[in-house]
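Inspection log for the structure reproduced underneath, given as structure tokens.
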Amino acid sequence: MSTTTKYHKFENPTNLTQSQLWLIATSAMLTEMNKEFHDTLLPHHIYGTPELLAESKQSLLRDWETKDFPDLKGTIDYLYSKNTFGATLNAWEFLTESEFDKVQQVGIKEKGLRNELDMVRNYQFDLENSDLGWHYGRCSWIIRHGFYNGFMTEEEAWSLLETNGKLIKKSFDSWESFGLSYLVGSQYWKLNNYNEATMKLTKKNIMYLLTNSNSPWLNIDWNDFE
């Protein structure tokens with residue numbers, strides 16, 4: 001996606017409601033990664049170009065096999081059905097510390113297994129809703145880009161975002177818990193190669209969203225959407 005490094009000010013140029021801004025903020029991790037706008041429905045606001053639209057179209061097709069509205073609906077349904085780390089967490093979370101050590105020794109040569117057990121060990125008591133944030137957050141981003149590509153009307157885009165937002169609000173109680181779940185999903189889907197270096201950018205984006213004055217998560221209260 002976009003290669004620009006500019007951090008956009010949070011200004012709400014199209015006078016969206018706080019509830020609408022909240023719905024857009026659920027896409028914040030991918031939006032920040034791609035240096036897009038956090039405060040407009042269109043990811044590039046009025047600054048979209050044929051090149052950026054082509055990148056968006058290519059990303060949806062390459063990464064999501066999505067080229068039209070039926071494909072987009074299928075992608076969303078697929079993401080709603082996923083709860084990958086939840087099953088892993090349930091299978092391993094009750095191991096004792098010594099049992100964790102033994103299993104990790106057995107899996108020492110299998111990097112994916114070793115990382116998987118490390119995740120369970122780190123999150124077993126702090127992750128009530130697994131990696132749902134990863135799936136729901138990506139849904140929000142896909143919906144925005146589907147609208148950008150003309151797959152749907154603005155009304156349809158807000159309706160899909162609202163449905164997705166209700167699932168997010170039901171599952172989490174803060175931007176922090178939502179962000180942690182997204183981070184866990186990112187780790188889980190990169191089990192075979194995640195390390196400090198590969199997670200550095202994701203962690204940087206999380207910190208930006210939790211601390212920067214232009215972050216949507218600091219400009220929009222978690223309870224602005226009910």
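Between Leu16 and Leu23 the shortest side-chain heavy-atom distance does not fall below 4.5 Å. Side chains of Glu65 and Thr75 form no contact here, defined as non-hydrogen atoms less than 4.5 Å apart. Residues Asn129 and Phe172 meet the side-chain proximity criterion, which asks for heavy atoms closer than 4.5 Å. Between Leu72 and Met152, the closest side-chain pair of non-hydrogen atoms falls below 4.5 Å. When side chains are defined from C-beta on, His145 counts as touching Pro43, because their heavy atoms get closer than 4.5 Å. A heavy-atom distance below 4.5 Å is not found between the side chains of Asn149 and Thr66. Inter-residue side-chain proximity for Trp217 and Phe178 is flagged as met; some heavy-atom pair is nearer than 4.5 Å. A 4.5 Å side-chain heavy-atom check between Ile24 and Pro216 finds every atom pair outside the cut-off.
Atom CD1 of Ile76 sits about 7.0 Å away from atom CG of Asn164, to the nearest 0.5 Å. Annotation: the span from His8 atom NE2 to Lys35 atom NZ amounts to 9.0 Å, rounded to 0.5 Å. Atoms CG and NZ, from Asn219 and Lys9 in turn, are 12.5 Å apart once rounded to the nearest 0.5 Å. Atom CZ of Phe10 is separated from atom OG of Ser215 by 8.5 Å, given to the nearest 0.5 angstrom. In this structure, CD1 on Ile168 lies 4.5 Å from OG on Ser140, to the nearest 0.5 angstrom. Taking NZ from Lys166 and NZ from Lys170, the interatomic distance works out to 11.5 Å, rounded to the nearest 0.5 Å.
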query = Would Phe85 and Val120 count as a side chain to side chain contact (heavy atoms under 4.5 Å, CB included) if you check the C-alpha gap in whole Å, the side-chain angles of each, and the deciding distance to 0.1 Å?
reply = CA-CA 9 Å; Phe85 185 58; Val120 174; 3.9 Å; yes
key: Test side chain to side chain contact (heavy atoms under 4.5 Å, CB included) applied to Phe151 and Leu60, step by step   = CA-CA 11 Å; Phe151 296 170; Leu60 290 178; 3.8 Å; yes
request  = Quick one: do Tyr182 and His135 satisfy ring pair (Phe, Tyr, Trp, His ring centres under 6.0 Å)? Show the steps, please.
outcome  = CA-CA 8 Å; Tyr182 188 101; His135 307 299; 9.3 Å; no
request  = I would like to know whether Thr14 and His45 meet side chain to side chain contact (heavy atoms under 4.5 Å, CB included); could you show each step before the answer?
outcome  = CA-CA 9 Å; Thr14 54; His45 186 31; 3.8 Å; yes
ask   = When you look at Asn212 and Leu218, which way does the side chain to side chain contact (heavy atoms under 4.5 Å, CB included) test go after all the steps?
value = CA-CA 7 Å; Asn212 192 283; Leu218 291 189; 5.6 Å; no
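Of the N and O atoms on the side chains of Ser177 and Ser174, at least one donor lies less than 3.5 Å from an acceptor on the other residue. Judged by distance alone, the side chains of Trp158 and Glu154 do bring a donor and an acceptor atom under 3.5 Å apart.
The aromatic rings of Phe37 and Tyr47 sit parallel, their planes meeting at an angle under 30°, below the 60° perpendicular limit.
Counting all heavy atoms, side chain and backbone alike, Gly185 lies closest to Asp131 at CA-CB, 3.5 Å. Here the closest non-hydrogen pair linking Phe225 and Ser19 is CD1-OG, 3.1 Å. When all heavy atoms of Asn214 and Tyr208 are compared, the closest pair comes out as CB-OH, 3.5 Å. In this structure, Ala25 and Trp175 approach most closely via the heavy-atom pair CB-CH2, 3.6 Å. Contact between Met29 and Asn205 at its shortest, heavy atoms only, is CE-CB, 3.9 Å.
Checked against the 6.0 Å centroid threshold, Trp141 and Trp64 do not count as a close aromatic pair. Taking the six-membered ring where the residue is Trp, the centroids of Trp222 and Trp22 are separated by under 6.0 Å.
By the 6.0 Å contact criterion, NZ on Lys169 is enclosed, its count of non-hydrogen atoms from other residues, nucleotides or ligands being greater than 12. For Tyr80, the OH atom is densely surrounded, since the number of other residues' heavy atoms within 6.0 Å is greater than 12.
With Arg144 as reference, Thr31 is the one residue of Leu160, Thr31, Leu30, Leu42 to meet the side-chain contact (heavy atoms from CB on, under 4.5 Å) rule.
Hydrophobic clustering of Ile, Leu, Val, Met, Phe, Trp and Tyr side chains at less than 4.5 Å, counting indirect connections, keeps Met207 apart from Leu183. Cluster annotation: Ile143 is not connected to Leu61 through the hydrophobic network of ILVMFWY side chains, with a link wherever side-chain heavy atoms come within less than 4.5 Å.
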